[in-house]
Amino acid sequence: MSRIGKKTIIIPQGVTVTLSDDILLIKGPRGEEKFTIPKGIKVLIENNKIRIQPIKEDKNIKALWGTTRALINNIINGLTMGFSKQLVLDGVGYRISIEGKKLVLKVGFINTIDLDIPEDLNLSIDKNILTISGNSKEKVGQFAAKVRAVKPVEPYKGKGFHYIDEHVRRKAGKKLATASG
């Protein structure tokens, strides 16, 4: 049995959820989103609560049970509060800027790296901290991972992108390694 799938989702004030066939339409203060319910999963809406149930006991359906509940909960949270990730860029001469619909990264390569900003994401820059925010947890995380993949933090000098709450393990350099050996 799925512990996550058993939990009910409470629908907050200002959010409406309608079910038609296998499509769940969720409207909130920050927009609206559609979710297609996988086959073998039943969604019940009653008294401002959503319950997810499997139709039959099957290994594949049990796997989708908790996942479906988590995805619906993430959509509701995204339409009420939104999601955000913060990336820190460390390194001498490294720069981030937004030019139109592009994120321009100057991170030690010969050319600048231009990344297209998706329509439904908002980006803001405060010194060397890039904040990515939006309604979809998946899209925010995916774009943050894409930016971080351009120049991931390296362990010797700590240069590159890292999440604001990420601890970067630093390694001893060449001098310290030969001095002790």
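Positions are given from 1 along the sequence.
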To the nearest 0.5 Å, tell me how far Thr18 OG1 sits from Ile45 CD1.
7.0 Å
Determine, stepwise, if the pair Leu115 / Val150 fulfils side-chain contact (heavy atoms from CB on, under 4.5 Å).
CA-CA 10 Å; Leu115 297 175; Val150 170; 4.2 Å; yes
Using every non-hydrogen atom in the two residues, find where Thr68 and Pro38 come nearest and quote the distance to one decimal.
OG1-CG, 3.5 Å
Between Pro29 and Gly14, which heavy-atom pair has the shortest distance, and what is it?
CD-O, 3.8 Å
Mind checking salt bridge (charged side-chain N to carboxylate O under 4.0 Å, His left out) for Asp116 and listing every partner two or more places apart, or none if nothing turns up?
Lys102
Where is the tightest heavy-atom contact between Val147 and Leu130, given as atom of each residue plus distance?
CG1-CD2, 4.0 Å
When you measure from the side chain of Arg95 to the backbone of Leu105, do you find a donor-acceptor pair of N or O atoms at a distance under 3.5 Å?
no
Of all residues at least two apart in sequence or in a different chain, which pass the side chain to side chain contact (heavy atoms under 4.5 Å, CB included) check with Leu71?
Phe35, Thr67
When rounded to the nearest 0.5 angstrom, what distance separates CG in Leu87 from CD1 in Ile125?
11.0 Å
Scanning both residues in full, the closest heavy-atom pair of Thr80 with Pro12 reads CG2-CG, 3.8 Å
Ile52 with Ile10, same ILVMFWY side-chain cluster at under 4.5 Å:
no
Look at the side chain of Asn128 and the backbone N and O of Asp90, then say whether any donor-acceptor pair between them is shorter than 3.5 Å.
no
Can Leu79 and Ile75 be said to form a side-chain contact (heavy atoms from CB on, under 4.5 Å), step by step?
CA-CA 6 Å; Leu79 292 177; Ile75 290 171; 4.0 Å; yes
same_hphob_cluster(Ile98, Ile96) at 4.5 Å side-chain heavy-atom cutoff
yes
Verify the cluster assignment for Ile113 and Tyr94: are they in a single hydrophobic cluster under the rule of side-chain heavy atoms below 4.5 Å apart?
yes
Interatomic distance, CD1@Ile11 vs CD1@Ile50, rounded to 0.5 Å, equals 4.0 Å
Working for side-chain contact (heavy atoms from CB on, under 4.5 Å), residues Ile55 and Ile61
CA-CA 8 Å; Ile55 292 176; Ile61 293 174; 5.6 Å; no
Going through the distances and angles, do Phe109 and Asn111 end up as a side-chain contact (heavy atoms from CB on, under 4.5 Å)?
CA-CA 5 Å; Phe109 300 124; Asn111 297 324; 5.8 Å; no
Test item: Ile9 and Val17 side chains (from C-beta on) under 4.5 Å apart, heavy atoms
no
When clusters are formed from ILVMFWY side-chain contacts under 4.5 Å, directly or step by step, what else is grouped with Val88?
Ile129, Ile164
For Trp65 versus Pro54, what's the shortest heavy-atom pair and its separation?
CE2-CD, 3.5 Å
Residue pairs meeting salt bridge (Lys or Arg N to Asp or Glu O under 4.0 Å), one or both in residues 24-49, sequence neighbours left out, come to Glu46-Arg51
Can you list every pair that meets side-chain hydrogen bond (donor to acceptor under 3.5 Å, both in side chains) and has a residue in residues 139-156, with sequence neighbours left out?
Asp120-Lys139, Arg148-Glu166
Can you tell me how far the CD1 atom of Ile41 sits from the OG1 atom of Thr36, to the nearest 0.5 Å?
13.5 Å
OG1 on Thr8 to CG on Leu44, rounded to 0.5 Å:
11.5 Å
Least distance between heavy atoms, Phe83 atom then Val140 atom:
O-CG2, 4.0 Å
Mind checking the CG-CD1 spacing from Asp114 to Ile117? Nearest 0.5 Å is all I need.
10.5 Å
Check salt bridge (charged side-chain N to carboxylate O under 4.0 Å, His left out) between Glu99 and all other residues, then give those that pass, not counting sequence neighbours.
none
